[in-house]
Protein chains: 2
Amino acid sequence: MAYRAHAEARLKEAGFRITTPRRRVIDLLAEAVGPVSAYEMRDQLEARGERIDIVSVYRIIGCLEQTGLVHRILSTGKVHRCVIEAHEPCGLPQPDHCHHSLICRTCGRIEEMHCPDIGSLLARAAATLGFALESHRLELGGLCKRCAA
Amino acid sequence: MAYRAHAEARLKEAGFRITTPRRRVIDLLAEAVGPVSAYEMRDQLEARGERIDIVSVYRIIGCLEQTGLVHRILSTGKVHRCVIEAHEPCGLPQPDHCHHSLICRTCGRIEEMHCPDIGSLLARAAATLGFALESHRLELGGLCKRCAA
DNA sequence: ATGCTGTTGAAAGTCTATTGCAATAAAGAG
DNA sequence: CTCTTTATTGCAATAGACTTTCAACAGCAT
Ligand SMILES: [Mn+2]
Ligand SMILES: [Mn+2]
Ligand SMILES: [Zn+2]
Ligand SMILES: [Zn+2]
């Protein structure tokens, strides 16, 4: 697993220990197709026979988020449910993180959109109100390629 | 109150009754400087001596949201807390609702940004992935005018 | 191998939001 | 204006997501 090595290196740098539960969560996120909630992570791990407590999942999520290895997005629907997703750097100028999620209203699938232009456009728009932009979170609703057909 | 008249008219159109609790919530939102959470609404109303149950607040929020009179945004911080805000139409082409919130990381104040260009830009960006955009939610973090000085 | 200290798991506790149901009151009819 | 219908409210109980506390455990540096 290339991602696991990468993640472990960054965790070490940040002073975190490499533990079995952390490795399990990391592996799970690396294999996952889309964002996963804390409880989904626990259930999927337990289904594999890898015991983990929900509390630990939350703490590990926090640690991975601190380290910049994952970030959270809001899941489908208006319900306030937190999901997680493996992070791949976006290459924007300064905003520390960029979160561009396309959420299909039919199939519920979530895909990340790569769109560097938006960062600077938003920064300019915010600047006209005297607001110094540092981060942005963007969630788009609509129909995905498959469901639109 | 101009806003109350407007709100009552739209509620009637939608087949809702005009009740005392609804009037109270509407007035509160009209006077509020920024977004307010359900519990904040209840507490502020009770502080005025206007008794209301938290369940009713939630239901009224839902009804106002249906009618298009208010919309919800994610409050300060990563904590999943739901706040509400009076809605002013954004004039974008099609996306049913546009939510552009600037959240100051220091003072916590939230202001809405009016930025029609972003709607079409996002629609084009999403289209390159075959995604048909219908709605967007945008939350910007940084420093507001006063805190940046 | 040993010890220090970060980390885990289990239980209990918060906080937000929802559901069921009886009592209440808004709106239309007469 | 009074009656009748039915949406709406309030209360209590419940659900769901996440946190706190603390004892037991396990990395990892020496
Ligand atoms: Mn990202
Ligand atoms: Mn809006
Ligand atoms: Zn789809
Ligand atoms: Zn500020």
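In what follows, chains carry the letters A, B, and so on, assigned in the order in which the sequence lines appear, proteins first and then strands, with residues in each chain numbered from 1.
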For A:D43, enumerate each residue passing the side-chain contact (heavy atoms from CB on, under 4.5 Å) test, keeping only those at least two apart in sequence or located in another chain.
-> none
Short heteroatom pairs, N/O only, protein and nucleotides 8-10 of chain C, under 3.5 Å:
unit_1	atom_1	unit_2	atom_2	d
C:dT8	OP1	A:T19	OG1	3.0
C:dG9	OP2	A:D53	N	3.4
C:dG9	OP2	A:S56	OG	2.5
C:dG9	N7	A:R59	NH2	2.5
C:dG9	O6	A:R59	NH1	3.1
C:dG9	O6	A:R59	NH2	3.4
C:dA10	OP2	A:R51	NH2	2.4

Could you check whether B:I18 gets within reach of a base, just the sugar-phosphate, or nothing at all, counting any heavy atom under 4.0 Å?
-> sugar-phosphate
For B:V70, the option from B:I60, B:V25, B:L29 that meets side chain to side chain contact (heavy atoms under 4.5 Å, CB included) = B:L29
Approximate separation, where rounding is to 0.5 Å, of B:E134 CD and A:L143 CG | 4.5 Å
Under 3.5 Å between N/O atoms: give me all the protein pairs with nucleotides 1-3 of chain C, atom names plus distance.
none

Given side chains that start at C-beta, do those of B:E46 and B:R51 come closer than 4.5 Å, heavy atoms only?
-> yes
Figure out the CZ/P separation between B:R42 and C:dA17, and round it to whole Å.
-> 12 Å
Mind calculating the distance between CD (B:E50) and C1' (D:dG10) to the nearest angstrom?
-> 17 Å
Identify whether any heavy atom of A:Y39 sits under 4.0 Å from a base atom; if not, whether one sits that close to sugar-phosphate; answer base, sugar-phosphate or nothing.
-> base
Is a salt bridge present between B:R23 and B:E8, judged by a nitrogen-to-oxygen distance below 4.0 Å?
-> yes
Have a look at the helix from C:dA1-D:dT30 to C:dG30-D:dC1 and give the angle its two end axes make, five pairs each, rounded to 10 degrees.
-> 40°
Length of the line joining B:E13:CD and C:dA27:P, which is rounded to integer Å = 15 Å
Does a sphere of radius 6.0 Å around CZ in B:R146 hold more than 12 heavy atoms from other residues, nucleotides or ligands, not counting ones at 6.0 Å or beyond?
-> no
Rounding to a whole Å, what distance do you find between A:I54:CD1 and D:dC18:P?
-> 8 Å
A:L69 versus A:Y3, closest heavy-atom pair with distance = O-OH, 3.2 Å
For the pair made of CD in B:E40 and C1' in C:dA17, what is the distance, rounded to whole Å?
-> 15 Å
Using side-chain hydrogen bond (donor to acceptor under 3.5 Å, both in side chains) as the criterion, list what pairs up with B:R10, not counting sequence neighbours.
-> none
B:E65 has an atom CD; how far is it from atom P of C:dT18, in whole Å?
-> 10 Å
Closest non-hydrogen contact found for A:V36 with A:A32 is CG2-CB, 3.7 Å
Residues at least two apart in sequence or cross-chain that pass side-chain contact (heavy atoms from CB on, under 4.5 Å) with A:R59, listed by chain then number, are A:V55, A:S56
So does B:Y58 get a side-chain nitrogen or oxygen closer than 4.0 Å to the phosphate oxygens (OP1/OP2) of C:dT18?
-> no
Residue of the set B:R4, B:R48, B:R24 for which salt bridge (charged side-chain N to carboxylate O under 4.0 Å, His left out) holds with B:E31 = B:R48
Atom-pair distance (CZ on A:R17; C1' on D:dA26), nearest Å | 8 Å
When rounded to whole Å, the CD1 to P distance for the pair A:I61 and D:dA17 reads 12 Å
